[in-house]
Asker: 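Have a look at this one.
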Amino acid sequence: MPDADLTTPQAASDTGHIAMLEAIEQRLRWLSSWTVHNANNLRLKRDGLKVGGHQASCASMTAIMTALYFHALRPTDKVAVKPHAGPVLHAIHYLLDEQTREKLEAFRGLGGVQSYPSRTKDTIPVDFSTGSVGLGVAVTAFSSLVQDYLVAHGQLAEADTGRMIALMGDAELDEGNIYECLIEGYKHDLRNCWWIVDYNRQSLDATTADRMFRRFDDIFETCGWRVVTLKHGRLQREAFKRPGGKALEDWIENCPNADFAVLTYLGGAAWRERLERDLAGVRGVAELLADHDDAALARLMTNLGGHCLETLTQAFDSVTDDKPTLFIAYTVKGYGLPLAGHKDNHSGMMNTAQIEGLRAELGIEPGQEWDKWAGLGDNLAARLEALVKDSPIARKAAEHRAPAVPVPALPVPEGAVQSTQAAFGRILFDLSKSDAPLADRIVTTAPDVTQTTNLGAFVNQRGLFRRQELADVFQKAKIPSAQKWSAHTAGQHIELGIAENNFFLALTSLGLAAPHFGTRLLPVGTVYDPFIARGLDALNYGCYQDARFLLVGTPSGITLAGEGGAHQSINTPLIGMGQPGLESFDPAFADEVALLMGWAFEHMQAEGGSSVYLRLTTRQIEQRARSDDSWQAGAVAGAYWLREPAPGAKAAIVYSGAVAPEALGAWDQLTDDIPGLGLLAVTSPDRLHRDWSRARAVRWNGGTRQPSHIETLLGRLAPDAGLVTVLDGSPAALSWLGGVRGHRVSPLGTDRFGQTGDLPDLYRTYRLDEEAIFEAMAELFLG
Ligand SMILES: Cc1ncc(C[n+]2csc(CCOP(=O)(O)OP(=O)(O)O)c2C)c(N)n1
Ligand SMILES: [Mg+2]
């Protein structure tokens, strides 16, 4: 693969522009270093803990970020920044007057600049949160897909599209989710996506494998990407043209990563000694070396593409089409710092003498460390200020506040016997046939489980999304099938392969459509409940940056019976409870599903709302006749009495989800023996627990303590009442209820791997049946 086409004129001819960018690069290197130094060495420390920060990782990409932000970026582009280069991003916004000195001084402190760029917590514009390496890279591909979706649906003008850009560390290339995303990107004809690798060949622990050299080119090109390699800076390219230069170029080409790093750390004299040895007798080399003093030689040898602003700007300028492009920018970790090249530099920091040395080298007076343009002279400072203020990034519009889409009442599917999964599918199908604006904004997706999670009817109605029309070949051949899936630009289902990481990243990008592109989408994703775990970090990633989507885990629990232990979700109710930014529900009846879906579509759009997770099953159960709607508020809040207990009752059965028939059956049988026995339907252990915690926290925050919903409900019972809790999932999701008012609890649920079987066998074996409820009740009262 050739290096970047360096013939484009603009930056190369404009040496003044490059010199200014070089000055900005120095500022970013200084400010990011100083931010970390200040937080670790100058700020008062109270806990003896390391504050942390990554000076070397920042310095590795200050030139890349300078070229990008102050030269190449367009106002509509969006960038995910390598997490540990966060201080550079903040320094950029400091230069733009969009970040304060106070926040920088409070780096990694409460209310200060976050360790890693955060959409929700940082006050500068952050397009994508990053932190868990790899995810911030792949999410850009999905956001590009979302952008194309909006263009195809007439919600975004082509002229307003931007490039979705990831600035990534080379070790991020080890994350599997990158390759899953490459494959999906190829299938969906990905465009407008740039990934720029800070190729310093160092990770956290080590220098990276030499064997990988050029393998990434093959992998990406196979997946339809252009690969632009920026191996050498201008100084090196010029040296290579001299006598002896070709030998030097070959030597660099063959130098193992670890050797290069060691020599970089040791500096000019070490480079000289090694090159004199390895290239002894090669014509021209002695002269070439003699023309460079040690400092100049060190500068030459580390003049890699990723540190040369001329090379970088030209490379970025040279890509003018929308083909996805990987830039591999060779860099030195810790470039321009005394940490450069050292294998321990990932968390390594300059000591006081070293940072003072850097300060002096950059002409910054003591006390002027936070001055934006200290030591540069008024003239240059004014020109830099003008360049920064005039850069496209300074004209970037604030994020959108997309208006909410009205949510119509969702009718309850008819049928005396239904499963929650089928009800979900039916509700979406009904919506797909309606002309409600909401229906046009729903986008469904699934990791290859569209049919088995009851999304099929919606897809038949609304079609698959593709940038190019694709006829349904089976339909054309008149082969009967329930699935009529033509693919076209107006389609509303994004078909994904089986990789759950992609699924959650797609939901994340769709769920950020409102702030990113100004159009609210209501993403609905279905996945087999146990395989939520497969994409858990990507789910957390989406929630962390407040993306809004409806996640449907179905089927779930051992209630999927014949599918067996490998498909039986056990701990997902705890995942739902433990995951911030996600309100989770475990409904039992079709009318609960309709109610909660309607609530979810509202909550996904609400200020202070969140994503929502419904845990559903394929078990067909008899539906309840309701005399009124009084159950609904409780169902949204997390629980309601299906059988109201008598005041001061001595016991209640508490159930969640698919085991409703067993709970009802047991109640029928026990109610004569236990007068006033209650039956509590828990639709959301998650919301009950959150509300309980919130109510308690009010007091610590100086407010007046109001009882939480669950305290009110359980307050109907006698103080010494007993609770039998039951759900098809970890018993811990409900056993905590005993802590609310000090009731004794006998918890039922699954806490070991399941078997195949039919429901009677499984419910008996795993103690979810009526018999188990009797026994649990007996244990409470008889000991
Ligand atoms: C999923 C995940 N695993 C581990 C980490 C801890 N971690 C932070 S950076 C890093 C390696 C960084 O190497 P590279 O991407 O090459 O960046 P560099 O600092 O060299 O620029 C690791 C392992 C993380 N942030 N996320
Ligand atoms: Mg690296």
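We count residues from 1, following the sequence as given. Just so you know, ligand 1 is whichever comes first in the structure, and atom 1 is the first atom listed for that ligand.
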Asker: Only heavy atoms count here, so choose which of Leu167, Asp537, Asp170, Val133 is nearest to atom 24 (C) of ligand 1.
Answerer: Val133
Asker: Do any non-hydrogen protein atoms sit less than 4.0 Å from atom 4 (C) of ligand 1?
Answerer: no
Asker: Which atoms of ligand 1 have any heavy atom of Glu172 under 4.0 Å away?
Answerer: 15 (O)
Asker: Can you check the number of protein N/O/S atoms within less than 2.8 Å of the Mg ion (ligand 2)?
Answerer: 3
Asker: For Gln202, counting its heavy atoms only, list the atoms of ligand 1 lying under 4.0 Å from any of them.
Answerer: 13 (O), 14 (P), 16 (O), 20 (O)
Asker: Out of Phe327, Trp225, Phe216, which residue meets the ring pair (Phe, Tyr, Trp, His ring centres under 6.0 Å) rule with Trp195?
Answerer: Trp225
Asker: Select the closest option to atom 7 (N) of ligand 1 among Val137, Leu204, Asp205, Val197, judged by heavy-atom distance.
Answerer: Leu204
Asker: Could you tell me whether the side chain of Glu369 reaches within less than 4.5 Å of the side chain of Ser33, counting heavy atoms only?
Answerer: no
Asker: Quick check: Phe316 with His71 (ring centres under 6.0 Å apart)?
Answerer: no
Asker: Does Lys372 have more than 12 heavy atoms from other residues, nucleotides or ligands lying within 6.0 Å of its NZ?
Answerer: yes
Asker: Side chain of Lys333, backbone of Ser203: donor and acceptor closer than 3.5 Å?
Answerer: yes
Asker: Checking a contact table here: which protein heavy atom is nearest atom 25 (N) of ligand 1, and how many Å away?
Answerer: Gly131 O, 3.0 Å
Asker: For ligand 1, is Ser203 a contact, meaning one of its heavy atoms is under 4.0 Å away?
Answerer: yes
Asker: Is any side-chain heavy atom of Arg108 less than 4.5 Å from a side-chain heavy atom of Gln114?
Answerer: no
Asker: Tell me, which protein residue and heavy-atom name are nearest atom 19 (O) of ligand 1, and how many Å apart are they?
Answerer: Ser57 OG, 2.6 Å
Asker: Relative to ligand 1, is Lys333 under 4.0 angstrom through side chain, backbone, both or neither, heavy atoms considered?
Answerer: side chain
Asker: Does even one non-hydrogen atom of Glu175 get within less than 4.0 Å of ligand 1?
Answerer: yes
Asker: Quick check, are the ring centers of Phe531 and Phe503 under 6.0 angstrom apart?
Answerer: no
Asker: Considering non-hydrogen atoms of the protein only, which is the closest contact for atom 13 (O) of ligand 1, and what is the distance?
Answerer: Ala171 CB, 3.2 Å
Asker: Could you pull out, from His346, His84, Arg201, the option with a heavy atom nearest to atom 17 (O) of ligand 1?
Answerer: His84
Asker: Within the distance-only criterion (no hydrogens, no angle test), does the side chain of Asn345 pair as donor or acceptor with the backbone N or O of Ala56 below 3.5 angstrom?
Answerer: no
Asker: Which pair of non-hydrogen atoms, one from Arg226 and one from Thr325, has the smallest distance, and what is that distance?
Answerer: NH1-OG1, 2.7 Å
Asker: Based purely on interatomic distance, does Ser132 place a nitrogen or oxygen under 3.5 Å from a nitrogen or oxygen of ligand 1?
Answerer: no
Asker: Would you please determine whether Ala56 falls within less than 4.0 Å of ligand 1 on a heavy-atom basis?
Answerer: no
Asker: Could you list the atoms of ligand 1 found under 4.0 angstrom from a heavy atom of Gly169?
Answerer: 14 (P), 15 (O), 16 (O), 17 (O)
Asker: Assess the side chains of Thr311 and Arg237: does a donor N or O sit below 3.5 Å from an acceptor N or O?
Answerer: yes
Asker: What part of Asp198, side chain, backbone, both or neither, has a heavy atom within less than 4.0 angstrom of ligand 1?
Answerer: side chain
Asker: If you measure from each non-hydrogen atom of Lys82 to ligand 1, which part falls under 4.0 Å: side chain, backbone, both or neither?
Answerer: side chain
Asker: Below 4.0 Å, non-hydrogen atoms only: which portion of Asn200 touches ligand 1? Side chain, backbone, both or neither.
Answerer: side chain
Asker: Mind checking whether Ser60 and Val332 have side chains closer than 4.5 Å, heavy atoms only?
Answerer: no
Asker: Distance under 6.0 Å and angle within 45° of the ring axis: does Arg43 meet both against Phe107?
Answerer: no
Asker: Regarding Arg201 and the six-membered ring of Phe260, is the cationic atom NZ or CZ under 6.0 Å from the ring centre and inside 45° of its axis?
Answerer: yes
Asker: Is a donor on one side and an acceptor on the other found under 3.5 Å between the side chain of Ser132 and the backbone of Leu135?
Answerer: no
Asker: Strictly by modelled atom types, are Arg163 and Ser144 linked by a side-chain donor-acceptor pair under 3.5 Å?
Answerer: no
